[in-house]
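Notes to accompany the following structure.
Note that the coordinates shown come from a computational prediction; the quantities given were computed from them, not determined experimentally.
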Amino acid sequence: MSTFLITLLASVMVNVIPQPVSVEMGEGFFDIAKSRHNIQYTINPESGIAAEGYTLTVTPKGIRVLASDEAGIFYAKQTLKQLIQADGTVPCLQIKDYPRFAWRGFHIDPCRHFISVEDVKKQIDLLSQYKMNVMHWHLTDDQGWRIEIKKYPLLAEVSAWRTEFDGSVHGGYYTQEQIRDVVAYAAERHVTVVPEIEMPGHAISAIRAYPWLSCTGEEVKTFYTWGTPDISLCVGKESTFEFLDNVIAEVVELFPSEYIHIGGDECRKNRWEQCPLCQERIAEQGIVADEHATAEEKLQSYAIHRMEGILAKYGRKLIGWDEILEGGLAPTATVMSWRGEEGGKKAAAAGHEVVMTPGSGGMYFDHFQGDPKIEPATIGNYTTLEKVYSYDPVPAELRDAGKGGLVKGVQCNNWSEYMYEPWQRWYMLLPRAFALAEIAWTPLERKCWPDFCRRVEVACKELDEMGIPYHIPLPEQPEGSCNELAFQDEATVAFKTTRLMEMVYTLDGSEPTVDSRRYMWPFKVTEDTDIKIATLTPHGKLSPVRTVHVRKCEPMPALDSSAMFKGMRARRTDGKFVTAADIKDAEWKEVSIAQFGELTSLEPYNRNLPDSTRFYAAEAEGCFSVPKTGTYRFSSDCDMVWVDDVLTVDNSGEVKRYSRHDRELVLEKGTHKVKALFIYNVIGGWNNLRGKTDVNIMPAGGDWKKIKVKP
Ligand code: ACM
Ligand code: ZN
């Protein structure tokens with residue numbers, strides 16, 4: 001067979017993620033279904049094969065696997081599984097393979113939304129098949145404490161639970177027995193479980209049960225909103241370190257991992273500035289602020305050094321988020337670089353090992369992977385599959401300085417604030433985790449985006465067979481997606497996808513199928529039309545269907561001068577409302593605001609205690625002008641917006657960010673009236689006093705602008 005044909009065959013048949021280091025195709029096949037016994041696995045520590053690596057040789061007579069450790073055999077088996085064709089044969093070939101990085105991590109966050117043991121195991125099971133080998137288990141945070149600690153039973157009894165805005169209770173924790181079970185399950189799949197016990201910030205749940213852990217000893221609730229509170233552990237008190245030592249003593253009994261993650265991120269230090277004990281500690285330690293760090297940053301560094309000592313006592317190593325660099329890095333610490341790559345570069349330059357997990361590099365899988373207007377709500381940002389794939393965990397600077405070897409590995413972080421249902425965790429994880437698996441394992445020169453896209457389809461087909469959901473790029477509109485379009489004479493509607501894929505659609509109201517009309521180019525609409533459109537993956541699966549209503553409209557007439565008014569009419573009513581329907585028999589009071597953006601200004605935002613301010617609803621109304629008759633799109637994170645008394649945006653009951661209910665109207669040139677209803681509440685953990693309440697307008701072919709009501 002010609003070399004060309006062999007190469008071609010290799011590219012068609014070898015559908016392995018992550019791409020192996022080398023693949024040489026042979027001739028013929030081995031029929032695995034007929035002769036399973038002809039597979040030989042050998043471990044030889046003297047084989048010269050790298051740790052976790054293997055060689056896999058397939059001939060018509062059988063299969064031979066050689067590795068220098070158990071992990072290598074496990075990974076060879078994962079490769080082999082992916083090589084088996086539908087007819088039960090495996091193409092003859094030789095694969096030599098080993099990982100680029102020792103730390104191929106995925107992080108899970110059961111604190112924001114609890115993850116059952118069964119689901120934790122499912123993730124371990126799936127990701128280990130793609131040669132991921134570290135699960136970073138974020139076990140404690142402001143919104144819940146998830147690990148049973150026998151010495152402090154209230155952590156499970158009290159801190160594991162939170163009461164949400166609507167009165168429902170969310171929570172859960174893992175018993176020590178369950179943790180042992182998960183750790184053993186992971187070990188069987190060559191996954192090390194690295195626990196994270198957060199300190200000195202993100203510790204409200206611990207303070208909930210044991211208020212003496214904070215500087216003030218004040219009573220707090222386990223948080224039901226997202227964001228970072230001011231209240232941290234008091235590091236002036238010895239009792240705080242006793243607590244942490246006792247917790248770690250139980251943690252190390254459960255987790256054999258060499259590394260224990262101590263958090264260290266986003267610790268607000270303003271209470272330390274006021275705390276006599278924290279200040280005493282600063283004095284006692286001779287800490288003085290300098291041009292690099294404040295005294296409180298150095299106090300955090302002191303606390304991290306103490307943790308390093310505690311861990312060393314138990315024979316473990318410290319890993320923490322990159323804030324542990326502030327005020328001086330502990331001598332043996334490993335840094336997890338999340339705020340970009342700077343922390344990682346700085347730590348490695350100083351000779352420390354680092355794990356790269358920058359949001360800016362695509363490692364935050366809680367980011368949107370498509371248009372926020374149509375995707376389920378997330379924490380924000382934008383990280384496509386291609387962005388993940390294009391990330392190289394070794395920054396050029398470190399490579400050029402000969403420090404690339406200090407990059408121990410790479411990891412995705414799956415913060416679960418907005419992952420309300422188990423399916424959302426999969427949806428955010430996949431297929432991005434496949435890209436991560438490849439950047440973590442495959443040598444740079446073997447990466448190839450078009451070929452990866454082909455292999456991802458094979459992997460997604462497997463997910464279909466396992467019933468695991470994943471993200472398929474939705475049909476998006478180039479100017480921003482909107483399901484409620486309007487036009488006067490005709491409209492042109494265009495769609496695109498974030499990855500090269502076909503789209504299928506119908507115009508007769510029926511659900512699109514794989515055989516529906518292919519979308520080829522933008523089309524004109526001249527009468528009322530419902531477009532139902534979906535993406536069709538190369539392996540024949542449809543994305544969720546989008547329904548886009550396109551409506552022919554007469555322009556809504558401008559106000560005559562008698563109906564116009566100046567300034568803003570606004571009023572508020574106090575109470576805990578979820579939606580507009582809850583506002584009954586309200587006693588409204590007039591308030592004075594000048595623009596819609598001020599609807600959040602009627603109570604102070606309190607990051608520590610949303611309940612300490614009054615919940616309310618407020619309505620505001622004003623007039624604005626449009627310069628010409630035409631189509632205008634409206635958007636707002638308010639609950640509801642009416643234009644000329646027509647309900648235009650309705651975000652009722654949703655997490656009010658990213659306005660997922662934009663709508664177009666056709667307006668006559670001149671002045672119109674706009675009214676917005678804002679409800680200060682907490683839906684899905686989002687304290688919307690932090691949000692924006694502008695009403696935004698975009699003319700056809702133009703840009704978004706805040707509506708300014710006539711003063
Ligand atoms: C982090 O995302 N706060 C580490
Ligand atoms: Zn203190």
Side-chain angles (χ1 to χ4, degrees), residues 165 225-227 372-373 377-380 418 480 482 484 565-583 586 588-607 610-625 632-665 672-698 703-711:
F165 172 80
T225 56
W226 319 136
K373 295 285 179 191
T378 80
I379 202 158
Y418 296 84
C482 177
E484 305 295 334
F565 58 94
K566 286 190 175 161
M568 189 144 249
R569 297 173 180 161
R571 56 186 194 159
R572 82 179 255 176
T573 183
D574 293 343
K576 244 179 138 173
F577 311 112
V578 177
T579 69
D582 300 328
I583 308 169
W588 293 95
K589 276 181 301 205
E590 259 183 51
V591 291
S592 170
I593 61 171
Q595 297 295 343
F596 289 112
E598 293 164 34
L599 280 166
T600 49
S601 69
L602 303 179
E603 285 290 327
Y605 167 61
N606 182 331
R607 65 169 63 252
D611 294 355
S612 71
T613 58
R614 277 176 301 176
F615 291 104
Y616 65 88
E619 269 183 3
E621 188 174 38
C623 293
F624 71 105
S625 293
Y632 293 87
R633 190 178 293 186
F634 291 87
S635 178
S636 178
D637 291 344
C638 283
D639 289 75
M640 290 180 162
V641 173
W642 294 260
V643 177
D644 296 337
D645 300 323
V646 171
L647 179 58
T648 303
V649 176
D650 184 355
N651 293 318
S652 290
E654 291 226 357
V655 178
K656 283 179 285 292
R657 301 182 78 178
Y658 314 110
S659 183
R660 296 163 73 253
H661 299 277
D662 296 355
R663 180 172 168 191
E664 290 183 352
L665 300 172
H672 295 262
K673 194 170 66 172
V674 55
K675 181 172 90 171
L677 168 70
F678 167 70
I679 302 177
Y680 164 34
N681 58 20
V682 178
I683 303 218
W686 172 243
N687 180 336
N688 64 1
L689 219 53
R690 291 171 67 190
K692 290 194 163 60
T693 48
D694 305 296
V695 178
N696 302 301
I697 185 168
M698 180 171 77
D703 294 321
W704 284 110
K705 270 200 323 225
K706 287 179 199 176
I707 288 183
K708 289 236 166 76
V709 302
K710 293 190 170 194

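- Under the salt bridge (Lys or Arg N to Asp or Glu O under 4.0 Å) criterion, no residue pair touches residues 676-689, with sequence neighbours excluded.
- Scanning both residues, Thr600 and Gly691, for their nearest heavy atoms gives CG2-O, 3.8 Å.
- In this structure, NE2 in His672 is found 6.0 Å from CZ in Phe624, a value given to the nearest 0.5 Å.
- Not counting sequence neighbours, the partners of Tyr680 by the ring-ring contact (aromatic ring centres under 6.0 Å, His included) test are Phe615, Tyr616.
- Taking Tyr658 as the reference, Phe368 meet the ring-ring contact (aromatic ring centres under 6.0 Å, His included) condition, with sequence neighbours excluded.
- The minimum heavy-atom distance between Met568 and Gly622, with the atom names listed, is CE-N, 4.4 Å.
- With sequence neighbours excluded, no residue forms a salt bridge (charged side-chain N to carboxylate O under 4.0 Å, His left out) with Arg657.
- Here Ile683 pairs with Val578, Lys656, Asn681 under the side-chain contact (heavy atoms from CB on, under 4.5 Å) rule; sequence neighbours left out.
- Take Asn696 and apply the side-chain hydrogen bond (donor to acceptor under 3.5 Å, both in side chains) test, not counting sequence neighbours, and it matches no residue.
- Between atom CD of residue Glu664 and atom CD1 of residue Ile697 there is a gap of 11.0 Å, rounded to the nearest 0.5 Å.
- Atom-to-atom distance recorded for Arg607:CZ and Ser612:OG is 12.5 Å, nearest 0.5 angstrom.
- Contacts classified as salt bridge (Lys or Arg N to Asp or Glu O under 4.0 Å) and involving residues 573-583 (residues at least two apart or in different chains) are given here: Arg572-Asp574, Asp574-Lys589, Asp574-Arg614.
- Looking at residues two or more places apart in sequence or on another chain, you find a side-chain contact (heavy atoms from CB on, under 4.5 Å) between Thr648 and Phe634, Val643, Val646, Arg663, Leu665.
- Side-chain atoms of Arg660 do not come within 3.5 Å of backbone N or O of Glu654 as any donor-acceptor pair.
- Of all heavy-atom pairs spanning Asn651 and His661, the tightest one is OD1-CD2, 3.2 Å.
- A distance of 6.0 Å separates OG1 in Thr579 from CD1 in Ile679, rounded to the nearest 0.5 Å.
- Note that the OG atom of Ser592 and the CZ atom of Arg571 stand 15.5 Å from one another [nearest 0.5 Å].
- Between Phe596 and Phe678 the shortest side-chain heavy-atom distance does not fall below 4.5 Å.
- Closest approach of Tyr418 and Val655 over heavy atoms only: CE2-CG1, 3.8 Å.
- One N or O on the side chain of Thr693 and one on the backbone of Gly597 form a donor-acceptor pair closer than 3.5 Å.
- With sequence neighbours excluded, no residue satisfies salt bridge (charged side-chain N to carboxylate O under 4.0 Å, His left out) with Asp703.
- Atoms NZ and NZ, from Lys710 and Lys708 in turn, are 14.5 Å apart once rounded to the nearest 0.5 Å.
- The salt bridge (charged side-chain N to carboxylate O under 4.0 Å, His left out) search around Asp662 returns Lys373, not counting sequence neighbours.
- Residues Phe577 and Ala617 share a closest heavy-atom pair of CD1-CB, 3.7 Å.
- For Asp650 (side chain) and Met640 (main-chain N/O), no donor-acceptor pair under 3.5 Å exists by modelled atom type.
- Evaluation of the side-chain contact (heavy atoms from CB on, under 4.5 Å) rule for Ser636 yields Cys638, Val641, Val695 as partners, not counting sequence neighbours.
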>> Under the criterion side chain to side chain contact (heavy atoms under 4.5 Å, CB included), I'd like the reasoning laid out for Leu599 against Ile593: C-alpha separation, chi angles, the key distance, then a yes or no.
In response: CA-CA 7 Å; Leu599 280 166; Ile593 61 171; 3.8 Å; yes
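- Shown here are the side-chain contact (heavy atoms from CB on, under 4.5 Å) partners of Lys675, two or more places apart in sequence or in another chain: Glu619, Glu621, Trp642.
- Counting only heavy atoms from C-beta outward, the side chains of Ser635 and Val649 never approach each other to under 4.5 Å.
- Here the closest heavy-atom approach between residue Trp226 and residue Arg690 is recorded as O-NH1, 3.0 Å.
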